[in-house]
Amino acid sequence: MELLRTDRISKSYESRLIIRDISIHLDEGELVSLLGVSGSGKTTLLNVLSGLTVPDSGSVFLCGKEITGQPGQVSYMLQKDLLLEHKRVIDNVALPLVIRGMKKKEARAEAERYFGQFDLAGTQMLYPSQMSGGMRQRAALLRTYLGSRKLILLDEPFSALDMITREQLHSWYLNIMGKIGFSTILITHDVDEAIMLSDRIYVLTGKPGEIHHELRIDIPRGERQDFNLQPEFAAFKRQIRDILQQPGI
Amino acid sequence: MKRRSESIRAKLLPAGAFCLIVLLWWGISAIGIVPGYMLPSPADVMTAFIHDFPNLMTHALVSVTEALYGLVIGTVLAFALACAMDRFLVLEEAVLPILVVTQTIPTIAIAPLLVLWMGFGMEPKITLVVITAFFPIAVGLLDGFKGADPDAVALLRSMGATRRQIFYHVKIPAAMPYFFSGLRISASYAVVSAVISEWLGGFEGLGVYMTRVRKAYAFDKMFAVILLIVIVSLLLMKIVNLLRAVSLPWLKFRHETAGKRQ
């Protein structure tokens with residue numbers, strides 16, 4: 001079932017067109033990546049999807065209902081984990097619930113239920129500065145999940161981590177997505193990450209950014225262990241590289 | 001181990017420098033380079049301090065009360081104005097330059113006017129402390145509000161947070177370290193401002209007492225008052241530091257983490 005759809009979104013800043021006629025869709029439970037080089041308008045598109053930016057033209061629909069320019073409908077996680085240093089982890093995670101009007105005590109109790117599933121048990125009363133990079137990222141992901149249990153938008157959330165932590169988080173994320181059952185739109189410029197995690201990949205190219213190609217990664221998530229060492233992975237990578245290296249892109 | 005030795009060094013060095021200055025002072029008054037009635041020795045000052053202690057405390061209580069009232073009122077006003085300036089850019093553009101100009105007016109020049117306008121009671125003293133304490137806190141807070149991480153603001157906006165929620169969850173906490181830095185400066189000025197104001201008229205307070213002993217040429221007692229002002233100011237600053245540590249517990253962990261990473 002279709003969860004999110006965009007209809008020909010265009011956006012410009014200071015009379016410079018950043019993205020043009022972007023139409024994408026996402027089904028329930030899917031992980032779709034937006035892959036593109038720097039400056040192709042990936043973050044602008046995510047800002048439009050999250051409602052932070054109003055597009056010049058085009059619309060965003062969530063479960064068939066138009067949400068263009070309405071923040072708070074889907075959850076958004078930026079490159080930095082953005083945990084608020086003055087709040088304990090439990091209060092950081094419960095923040096979206098408090099923002100929506102839930103009482104602090106109830107929000108804490110609700111957030112607490114997921115700490116085990118997100119491998120964060122025992123960290124509730126810590127401050128973010130007391131946690132490792134991977135733990136912080138998981139806490140930020142839990143906060144994002146509690147913000148919208150249907151759809152999470154991720155803007156290069158793993159790019160600041162070292163390779164080993166990143167790979168561990170990739171497997172963990174696929175696992176938790178399967179267990180809890182939510183959908184994700186992931187922005188990345190890392191081809192390996194896109195292939196490793198996605199069900200589908202939209203390749204954004206050009207200036208202004210446009211969807212150049214849509215690629216389906218038809219390997220079940222349960223079989224992605226060591227997928228990056230297999231010939232199919234290399235074939236996908238070559239295909240994407242060929243698209244990105246085309247003249248004029 | 002290295003951090004501990006650095007901490008000991010940081011305490012020993014100023015203590016050593018202080019002892020050296022006191023020794024120098026002692027030497028100058030003992031040799032008689034400056035006559036004893038003009039520059040009493042540290043021992044004479046300590047004797048005056050001990051003998052006059054009950055009297056000093058009575059006057060200190062008045063000055064500290066004025067300083068605390070002034071600090072509290074100055075903090076409340078600074079907080080209100082900083083919030084308003086952060087909310088309305090036009091207000092910041094209109095008021096901030098005037099605030100900066102007011103800081104170029106010496107406190108000693110305003111004090112007589114305040115006494116003329118408000119009389120010899122506590123009011124002119126408290127007003128002078130308010131004027132002195134207000135600026136560092138207001139500017140500190142405004143800098144803190146402006147320094148809030150724009151990505152954190154965007155994150156809260158994406159959650160559907162209202163302006164008030166963003167202010168409460170992101171901007172105020174971001175401004176708190178700046179607020180305490182401003183408050184520490186204001187606390188150090190507060191007692192001095194109260195004393196300066198008391199010089200120009202009043203019935204009680206360290207400034208009034210200082211004027212009396214000056215007229216009697218009791219230099220040892222004057223130095224004793226100065227010593228007490230220093231002690232009270234340092235105590236106020238220490239209290240602000242303690243308040244900061246209690247109110248912002250996360251900073252302790254952040255500093256510890258930063259220390260480990262170095």
Side-chain angles (χ1 to χ4, degrees), chain A residues 43 46-54 67 69-89 91-102 104 107 125-133 136 140 143-148 151-157, chain B residues 3 79 82-83 86 140-141 143-183 241-262:
Chain A
T43 299
L46 218 63
N47 282 334
V48 171
L49 297 181
S50 66
L52 284 176
T53 302
V54 181
I67 57 159
Q70 294 175 29
Q73 304 295 316
V74 295
S75 260
Y76 187 12
M77 180 172 157
L78 298 157
Q79 197 169 355
K80 292 188 278 181
D81 58 61
L82 286 178
L83 293 176
L84 302 176
E85 299 294 338
H86 62 279
K87 285 187 189 288
R88 294 184 188 274
V89 175
D91 293 322
N92 263 291
V93 168
L95 187 60
L97 306 175
V98 173
I99 295 288
R100 264 192 248 134
M102 198 183 272
K104 186 177 170 182
M125 297 313 284
L126 296 180
Y127 283 104
S129 55
Q130 294 175 280
M131 303 212 296
S132 68
R136 288 179 68 113
R143 179 185 60 193
T144 314
Y145 168 69
L146 288 176
S148 157
L151 172 59
I152 288 180
L153 308 177
L154 302 177
D155 189 355
E156 302 188 13
Chain B
R3 285 183 68 200
F79 202 86
C83 291
D86 179 66
L141 274 171
D143 281 349
F145 292 149
K146 300 240 171 285
D149 185 349
D151 287 337
V153 173
L155 177 80
L156 261 80
R157 276 186 58 216
S158 79
M159 292 177 187
T162 60
R163 195 190 286 271
R164 191 188 290 179
Q165 284 174 320
I166 291 172
F167 196 72
Y168 176 73
H169 289 291
V170 178
K171 288 198 165 188
I172 289 185
M176 280 301 107
Y178 295 85
F179 164 71
F180 279 104
S181 299
L183 187 61
N241 283 346
L242 280 172
L243 272 176
R244 182 181 190 267
V246 171
S247 316
L248 317 177
W250 71 90
L251 287 180
K252 181 179 158 232
F253 298 110
R254 204 165 71 179
H255 292 154
E256 277 176 6
T257 315
K260 276 180 202 162
R261 277 177 192 151
Q262 275 170 10

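Every chain is numbered from 1, with letters handed out A, B, ... down the list of sequences. Heavy atoms only: backbone and side chains are in, while hydrogens, waters and symmetry mates are out. None of the values given here were measured: they were computed from a predicted structure.
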Let me confirm one number: the [atom1]-[atom2] distance from [X] to [Y], rounded to the nearest 0.5 Å.
| X | Y | atom1 | atom2 | answer |
| --- | --- | --- | --- | --- |
| Glu85(A) | Trp250(B) | CD | CH2 | 10.0 Å |
| Leu49(A) | Ser158(B) | CG | OG | 12.0 Å |
| Leu155(B) | Asp81(A) | CG | CG | 10.0 Å |
| Leu82(A) | Leu156(B) | CG | CG | 9.5 Å |
| Ser50(A) | Met159(B) | OG | CE | 11.5 Å |

CZ (Arg100(A)) with more than 12 external heavy atoms under 6.0 Å: yes

With Lys146(B) via salt bridge (Lys or Arg N to Asp or Glu O under 4.0 Å) - residues at least two apart: Asp86(B), Glu92(B)

Who passes ring pair (Phe, Tyr, Trp, His ring centres under 6.0 Å) against Tyr127(A), sequence neighbours left out? Phe253(B)

Go through the atoms of Leu78(A) and report whether side chain, backbone, both or neither lie under 4.5 Å from a heavy atom of chain B. side chain

If you check every heavy atom in residues 164-171 of chain B against those of chain A, which residues fall under 4.5 Å? Gln165(B), His169(B), Val170(B)

Greatest number of non-hydrogen atom pairs under 4.5 angstrom with chain B, of Val98(A), Asn47(A), Leu95(A), Val74(A), falls to Leu95(A)

Of the listed Pro96(A), Gly147(A), Ser75(A), Pro128(A), the one with the largest count of heavy-atom pairs under 4.5 Å with chain B is Pro96(A)

Only pairs at least two apart or in different chains count here, so list each salt bridge (charged side-chain N to carboxylate O under 4.0 Å, His left out) that has a residue in residues 151-162 of chain B. Lys80(A)-Asp151(B)

